[in-house]
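Take a look at the structure below.
By convention in this document, chain letters (A, B, ...) are assigned in the order of the sequence lines, proteins followed by strands, and residues within each chain are numbered from 1. Both backbone and side-chain heavy atoms feed into the values below; hydrogens, waters and symmetry mates do not.
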Amino acid sequence: MLGLEDHRRHEDDVPGSVANDVIGDVDVAATGISGVHRRHGVPGGRYCAGILFGGVTRLSGYFLPTEREPPADAEAISHRLMVRAGLVRQVGAGLWSWLPAGWRVHQRAVGIIREELDAIGSQELLMPVLQPAEPWKRSGRIAIEELFRLEDRRGAEMVLAMTHEEIVTLHVAQSVRSYRDLPLLLYHIQTKERDELRPRAGVLRTREFIMKDSYSFDRDAAGLAASYERHITAYDRIFDRSGLRWYRVEADVGMMGGLGAHEYMAPCPAGENEVALAPGYAANVEVASARAQPVALPPPQDAPQEVATPGLTTVEQVAGALAVPAGALLKAYPVTSAEHGAPLRSVRAGARLVIVRGDHRVNEMKLTNALRGYHRPLRAEEVAELAGPPGYIGPVGSSLPVLLDRAVGEAGPGGWVCGANRPDRHLRGVEPGRDFAFGELDLRRVEPGDVSPNGQPLTIEPAIEVGNIFKLGKRYSEPLGATYLDEQGREQTIWMGSYGIGPARIVAAAVEQFADEQGISWPRALAPWDCELVALGRPGAPERELAERLYAQLAEAGLRVLYDDRESGAGEKFADAELLGCPLRVVAGRRALEAGELELQLRRGREARTVPLVSEKPADAARAVAELWSTLP
RNA sequence: CGGGGCGUGGCGCAGCCUGGCAGCGCGCCUGCUUUGGGAGCAGGAGGUCCCGGGUUCAAAUCCCGGCGCCCCGACCA
C-alpha cells in the first residue's frame, strides 16, 4: 500500500519521467536484498516496495529461478512446468518448497477458499500438526499406515496429523454443551503430514502439504445435511472462481463408513483418479454404475458342452478360438478375505469366485464394499488347490460361492462360455442359474460408451481430486465424546461432516489444464501477477523510460505487475514470460514508441492485441490494459 | 510390497562395459560488442564423481554394503 501511495504522489509531481525515480526509497545494495535475476543495470539501483507488499515487482530483484530444461525425472506437466518456471523446488521425496512466485499462486487459491468459507459462516482457527497420540487411539486412526508416528524425548507417543478430526472434535466436545451451541462450522488451513507409500507428480501427491479442512457440527442428520449443502455452495463457488474445469462427483464413502461423500475433480492428464462423465452425470469410476454395452451372445443350448481349448488361457485366446465375442465369456476372478500366508482352511472359508463378462473388469472398490473389507486375489497355487487349473476355472461345478456381476444377467439369455475347471477345457452354452447358483451384484468397472443411469453415453477421464466433502455422522463424535443436551435435556451425540481442499492441487490442476508448448497459462484468479511488463532495449534507451512509466501506471490502474527490467535479450524475456504464464504480457519496446501502440499478448491462446499509447491522459493506455485484463478468463 | 531405472559443477548429460589428466551443452563471473523471440568474441570461477568399506601401483569406472531419487504396478483416511 505504501508503494502505491508513493507511486501516485510521484506521478502527480513529475508526470512522464518515472524512470529516474522509484516507488520506495531503499537501495538494493543497502538492503542486502538480492535475487538470481538481479543485474547491475537496474536504473537507480533501487528496489520497490512491491517486493514486500505484493503490488508490483521488479524481476531484476526477485527470486524467480527459471530453468530452460525440466528435471530429467519429471513426468507430469505441472511438475515440469512448476519447476521450470521457478515456482517450486524439491527438498526430498514428496517434500516441496514453494518459492515466492509459486507461493503467491498458492496464497491466491487459499484466499479464494477463505473468502467463500467465511461467506457460509465458517470460522477459521488453527490447530497443531504435532499431536498426542491418545486421541488417535480413541478414534482408531492410530492404525492408519500413512500416519507419521514419533516419540518426544520423554518417550511420549506423538503423531503428525494427516487431518484434524480428532482435535477439533475434542475442542467441540469440551466446549459445546447445549443444542443452542449448534450448528457450528470451523475450518483451518494447515500443514498436513502423510507417510505416502509413493509420492508422485511434483506437488500433486506429497508427504507434507497444506490443506484446508472444515468440520461441521450439527444436532442431527437434517442439520448435517444442511451443513453439507452449505459446503457444496461454497465449494462450487471456490472452484468456479479458481478458473478450473471441475466436476462434483459421487464418491465412495470409504472404509470409515460415512453417510455420503462427494469429490471435486479437476480433469487433467496427471490425474490419479478417473471420473465417469455423461451429460447430467458425474461419478468417480470407483463408484460409477452404468448399463453395459450389449454383446452378441451365442444362442442358448440345452446343456453346457465341453470344448477343447488346449493352451488357451486368456479371454482373447478363447474368444478367438471359439469365434465368440470376448463379452460372451464369463471371466472368473477368485478372491479371498484371508491374509497372505493364512492357513488354507481360512483361505477357503473366505474365498469367493467373482464373475464378470469377459470384456469387463472387476471394480476393486465395489468388490471391497460387497465383501465388507479386505480381500486379495488367490495365488496361483491357491487357485489350483481350491478352484481348478489356473486359466480354466469357472462357476460351473465350482466349490466356491459365486458372485456374479449384474451385467451378465442384463446381457440377456444366451450360451455363455467359461472355464470347465479342468485343464485345457472350456464350457459353452452355459446359463447362470441353470448351471450354477450365484449372488448377483454390481461389481464391474464401467467402460467408456456404457450408458449412464440417466441414459447418456459415458466417457472416462483422468482427474485430480481437488476437494472432498464427507458426511461423517458420529464416526468421531461418538468415540471422542462430543455430545450436547437437547431441548429435553437428553444427551445427544453431535453429527459431523468434514470437508477438505488441497490448494496445491488447485494450483497444479490449473497448470495441467491450461498449459501449452510455451508454458503455464494461469486463470486470472490464480496468476502470480496479472500482467508481465517486458522492457526491451538497453538500459537508458527511450523504451526503458516508457517501461518505467507504464510500470507505475499499470500498478495504479489496479494491476499486479511483474516488471521484467532485467538486462537480457528479448527472446529470453518473452520465453520466460510465457513460461510463467501471467494472463497478459505488455511489451515496452521501440515499436511501441514508433507506432504509438502498446503491444499486448493474451497468454491463453497467445493472441496479440494493441492499445493506443498516445492520448490526452498519460495513464489511458494503462487503464485500457486493465480493462482488457478484466475480460480474461 | 513386486518390477524397472537413475545418482558425475546450479540444470541437462557423456565418461563406467575394457581402471590411468573429470569432460560437454546450458547457466554463472569479468570485459568489449549486441538489444523485438533463449546473442557474439575473449578471459574466468565452480567437483566429497551419493555415502562407507574392499580389490589395485592406481577406482567416477571393478566388488560388497548402505542411502537417496524417479517411473510402472499394488496401496491410498
Side-chain angles (χ1 to χ4, degrees), chain A residues 36-41 65-76 79-80 83-84 86 89-95 136 139-147 159 161-166 192-202 204-207 211 213 251-258 261 263 270 272-273 284 286 340-341 364-365 368 374-377 379 465 468 470 472 475-476 498 500 518-519 534-544 547 564 566-579 585 587-595 599 601 606 608:
Chain A
V36 286
H37 282 144
R38 184 153 70 86
R39 306 286 159 84
H40 50 278
T66 57
E67 298 290 342
R68 193 178 293 210
E69 306 202 37
D73 47 26
E75 300 269 312
H79 184 184
R80 298 165 69 92
V83 171
R84 280 228 290 142
R89 283 292 184 269
Q90 184 167 17
V91 175
L95 301 172
W136 293 76
S139 72
R141 291 211 298 173
I142 192 77
I144 292 171
E145 291 195 336
E146 283 75 22
L147 183 66
V159 303
M162 45 173 42
T163 60
H164 285 67
E165 276 86 355
E166 282 81 0
K192 313 270 169 166
E193 309 278 347
R194 289 183 199 182
D195 193 358
E196 289 286 351
L197 218 44
R198 188 156 90 78
R200 56 181 296 270
L204 274 181
R205 189 169 201 83
T206 55
R207 294 195 290 176
M211 184 159 143
D213 254 329
D252 186 76
V253 295
M255 304 293 276
M256 306 314 272
E263 291 164 338
E272 300 183 287
N273 297 94
N284 192 316
E286 288 173 348
H340 280 288
E364 294 287 343
M365 184 67 74
T368 299
Y374 172 85
H375 66 273
R376 61 172 174 88
R379 284 129 82 111
E465 180 185 348
N468 60 50
F470 199 92
L472 290 171
R475 168 68 182 82
Y476 293 91
S498 78
Q518 281 68 34
V534 174
L536 299 180
R538 63 174 72 195
E543 53 266 41
R544 288 290 185 138
D564 189 349
R566 294 175 302 171
E567 256 212 89
S568 37
E572 190 178 344
K573 291 185 175 191
F574 290 149
D576 270 355
E578 284 165 0
L579 175 61
R585 188 184 74 193
V587 182
R590 203 176 47 234
R591 274 192 220 154
L593 289 170
E594 285 167 357
E599 295 166 77
Q601 186 207 53
R606 301 178 77 219

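The phosphate of B:rC72 (OP1 or OP2) has a side-chain N or O of A:Arg200 nearer than 4.0 angstrom. At the phosphate of B:rC72, OP1 or OP2 sits under 4.0 Å from a side-chain N or O atom of A:Arg198.
Under the 3.5 Å distance criterion, the side-chain polar atoms of A:Arg590 are left unmatched by any main-chain donor or acceptor of A:Glu543. The main-chain N or O of A:Thr66 is never found under 3.5 Å from a side-chain atom of A:Arg84 such that the two would form a donor-acceptor pair. Between the side chain of A:Arg205 and the backbone N or O of A:Arg198, no donor-acceptor pair lies under 3.5 Å.
In this structure, CZ of A:Arg80 is placed 15 Å from P of B:rC70, rounded to the nearest angstrom. With rounding to whole Å, A:Glu145 atom CD is found 16 Å from B:rA74 atom P. The interatomic distance linking A:Glu75 (CD) with B:rG73 (P) rounds to 11 Å, in whole Å. If you take CG of A:Asn468 and P of B:rC76, they are 16 Å apart, rounded to a whole angstrom. Atom-to-atom, CD of A:Glu146 to C1' of B:rA74 comes out at 13 Å; the value is rounded to the nearest Å. Separating the CE atom of A:Met162 from the P atom of B:rC75 is a distance of 17 Å, rounded to the nearest angstrom. With rounding to whole Å, A:Arg89 atom CZ is found 18 Å from B:rC69 atom P. Between the C1' atom of B:rC71 and the CD atom of A:Glu196 lies a distance of 16 Å, rounded to the nearest Å.
Residue contacts for A:Gln90: at a heavy-atom cut-off of 4.0 Å it reaches the sugar-phosphate backbone alone, with no base atom in range. As judged by a 4.0 angstrom heavy-atom cut-off over every strand, A:Ala575 is placed among the base-contacting residues. Backbone-only contact: A:Ala201 has heavy atoms under 4.0 Å from sugar-phosphate atoms and none from a base. A:Glu594 comes within 4.0 angstrom of no nucleic acid atom, judged by non-hydrogen atoms across all strands. Within 4.0 Å (heavy atoms only), A:Arg84 reaches at least one base atom of the nucleic acid.
Comparing A:Asp213 and A:Arg591, the nucleotide of RNA chain B nearest to each residue sits closer to the 5' end for A:Arg591. The 5' end of RNA chain B is approached more closely, in terms of each residue's nearest nucleotide, by A:Val91 than by the other of A:Val91 and A:Glu272.
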What pairs of nitrogen or oxygen atoms, one from the protein and one from nucleotides 32-35 of chain B, lie under 3.5 Å apart?
unit_1, atom_1, unit_2, atom_2, d
B:rU35, OP2, A:Arg538, NH2, 3.4

Can you tabulate the close N/O pairs, meaning under 3.5 Å, that link protein atoms to atoms of nucleotides 4-8 of chain B?
none

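Within the 4.5 Å cutoff, no side-chain heavy atoms of A:Thr206 are placed close to those of A:Glu196. Residues A:Val83 and A:Arg89 form a side-chain contact, since some pair of their non-hydrogen atoms from C-beta on lies under 4.5 Å apart. Side-chain atoms of A:Asp564 and A:Phe574, non-hydrogen and from C-beta on, never get closer than 4.5 Å to each other.
Here the separation of B:rC41 from B:rU34, taken at their C1' atoms, is 11 Å to the nearest Å. Comparing B:rA59 with B:rC28, their P atoms sit 36 Å apart, to the nearest whole Å. Here, B:rC29 and B:rG9 have their C1' atoms 14 Å apart, quoted to the whole Å. B:rC69 and B:rA45: their C1' atoms are spaced 29 Å apart (whole Å). Going from the P atom of B:rC50 to that of B:rC26 covers 24 Å, rounded to whole Å. The same atom, P, is picked in B:rC64 and in B:rG27; the two are 41 Å apart, to the nearest Å. For the P atoms, the distance from B:rA22 to B:rU61 is 13 Å, rounded to whole Å. If you take atom C1' in B:rG53 and the same atom in B:rC11, they sit 32 Å apart, rounded to whole Å.
A:His79 pairs by the side-chain hydrogen bond (donor to acceptor under 3.5 Å, both in side chains) definition with nothing, not counting sequence neighbours. By the salt bridge (Lys or Arg N to Asp or Glu O under 4.0 Å) test, A:Arg80 is found to be paired with no residue, residues two or more places apart in sequence or in another chain being considered. With sequence neighbours excluded, the residues that form a salt bridge (Lys or Arg N to Asp or Glu O under 4.0 Å) with A:Glu165 are A:Arg141. Shown here are the salt bridge (Lys or Arg N to Asp or Glu O under 4.0 Å) partners of A:Glu146, two or more places apart in sequence or in another chain: there are none.
When Watson-Crick and G-U wobble pairs are counted only if both distances are under 3.5 Å, B:rG12 pairs with B:rC24.
Dense packing is recorded around CD of A:Glu594, with more than 12 heavy atoms of other residues, nucleotides or ligands lying under 6.0 Å away.
If you check B:rG36, B:rC11, B:rG38 against the side chain of A:Glu67, the one that comes closest is B:rC11. Taking every side-chain heavy atom of A:Gln601 into account, B:rG37 is the closest of B:rG36, B:rG37, B:rA74. You'll find that the side chain of A:Arg68 is closest to B:rC26, out of B:rC26, B:rG36, B:rC69. Distances were taken from every side-chain heavy atom of A:Glu572 (C-beta onward) to each of B:rC76, B:rG36, B:rG38; the shortest belongs to B:rG38.
For the side chain to side chain contact (heavy atoms under 4.5 Å, CB included) test with A:Arg585, the passing option among A:Glu578, A:Arg606, A:Glu599 is A:Glu578; the others fail.
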